[in-house]
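Reviewing the structure listed below.
In this chain, numbering begins with 1 at the start of the sequence shown. In listed order, ligands and their atoms are each counted from 1.
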Amino acid sequence: MYGWMVTARYYEERLQEEYLEGKQPAFDISAGPIPGELHLAAGQEAAAAGVCAHLRGADTVTAPHRPHHVAIAKGVDLDRMTAEIFGRRTGLSKGKGGHMHLFDAEVNFAGSGIIAEGCPPAVGAALAAKKRGEDSVAVAYLGEGAISQGGFLESLNLASVHDLPVVFVIEDNDWAISMPKERVTDVENGAKRADGFDMPGMRVDHDDAVAVYEAAGEAVGRARDGNGPTLLEVQVHRRMGHFMGDAEGYRPDADTERAKQRDSIERMENTLQNAGIDDSTIEDIRDRSHERVEDAIKWAKDQPEPDPEEAYEDVFTNPPAGWTPNPEPEPAETTGGDD
Ligand SMILES: Cc1ncc(C[n+]2csc(CCOP(=O)(O)OP(=O)(O)O)c2C)c(N)n1
């Protein structure tokens, strides 16, 4: 878990550097090696590691627009993920998805820029597993800003009605872009949403990876044993703004400072030290994680860019390639019924 957490943190520090290249002095979002938006999750690593430590390759994970820490913990191929973020042809989606749309079928991972959009597919994966008699589970990650979305609430309902093996994980960082949580919901504890669907709801109040691991163990175990879904909310302290380039004028300094003080990685290091793990082992894990990240970034930057002609391959086009109009339908026979 520590290895994933430091990999994710360092990965995002390096992405941040690469992203800013060529974008300044005026913030030109299309310039540089990583064009488009970039949403970083530094500070949220415990929510990824603590849950994904219970998962297998066959389990499905869906993530929202801030996916790197979860993708790393789920075992998404770091080289191809990085190539995707850099828009290269050998990326997970041939460079067409970008950092919000990371798909790795090898480990059943999917990301989406549409908030709460990962919930229905996770329920679908869980329904498929149940119908096939497999014991795999599905985990849907979302932010607290998405918990009033219809897709999320309908997914809770369906998962509950059919006792599906799903765990919904809310990463609660108190902000949805510049909107504080208390202005969009009166329910401080998002896990209470579970009550309305007669499903267990749990909240981990501090971003301690071990506490998340314990809560997630219960939730994933319940799903795997055929005892239905769980809603798990984890309080996280994101160190970053909503996206790279966010001036964060809306966020009180004290809030940003608190996020830096409650660093889940430092906390994990203390836990390891208290458990008798020596510093050289911790440093070794950290060094190897950093090396892995450097290798992935170097590999990705050496990869070819897609040809412009490839833009219309593997995507829906309007009209789709090869499309021919249907013949005029025969007029339907009327039956005289009143339906
Ligand atoms: C359906 C939909 N509505 C609006 C947006 C625009 N949007 C992107 S991120 C975001 C806020 C998300 O907040 P939260 O779910 O708490 O996640 P966080 O960004 O804090 O990780 C919004 C409204 C979107 N992507 N999808």
Aromatic plane relationship, His68 with Tyr11 - under 30° parallel, 30 to 60° tilted, over 60° perpendicular: perpendicular
Mutual orientation of the aromatic rings belonging to His39 and His242 [parallel < 30°, tilted 30-60°, perpendicular > 60°]: perpendicular
Would you call [X] and [Y] a salt bridge, using N to O less than 4.0 angstrom?
X: Asp172; Y: Lys181; value: yes
X: Asp255; Y: Arg258; value: yes
X: Arg286; Y: Glu269; value: yes
X: Arg9; Y: Asp263; value: yes
X: Glu310; Y: Lys94; value: no
X: Asp163; Y: Lys130; value: no

Which bit of [X] gets closer than 4.0 Å to ligand 1, counting heavy atoms only: side chain, backbone, both or neither?
X: Leu142; result: neither
X: Arg66; result: side chain
X: His242; result: side chain

Identity and separation of the nearest protein heavy atom to [atom]:
atom: atom 2 (C) of ligand 1; result: Ile115 CG1, 3.6 Å
atom: atom 17 (O) of ligand 1; result: His65 CE1, 3.6 Å
atom: atom 25 (N) of ligand 1; result: Gly113 O, 2.8 Å
atom: atom 20 (O) of ligand 1; result: Trp175 O, 2.9 Å

For Glu144, the ligand 1 atoms whose distance to one of its heavy atoms is below 4.0 Å: 16 (O)
Where ligand 1 meets Asn173 - atom numbers and elements under 4.0 angstrom, heavy-atom basis: 20 (O)
For ligand 1 and [X], I'd like to know whether there is a polar contact (N/O to N/O, distance under 3.5 Å).
X: Gly145; value: yes
X: Gln149; value: no
X: Ile177; value: no

Heavy-atom gap Arg238 to ligand 1 smaller than 4.0 Å: yes
Close approach of Ile114 to ligand 1, heavy atoms, under 4.0 angstrom: yes
Criterion side chain to side chain donor-acceptor pair (under 3.5 Å) on Arg288 and Thr7, from CA distance to verdict: CA-CA 9 Å; Arg288 278 188 290 129; Thr7 302; over 6 Å; no
Worked check of salt bridge (Lys or Arg N to Asp or Glu O under 4.0 Å) between Glu188 and Arg203: CA-CA 11 Å; Glu188 200 187 330; Arg203 180 174 156 95; 5.8 Å; no
Heavy atom of protein closer than 4.0 angstrom to atom 22 (C) of ligand 1: yes
Option set Ala176, Gly190, Gly241, criterion heavy-atom distance to atom 13 (O) of ligand 1, minimum: Ala176
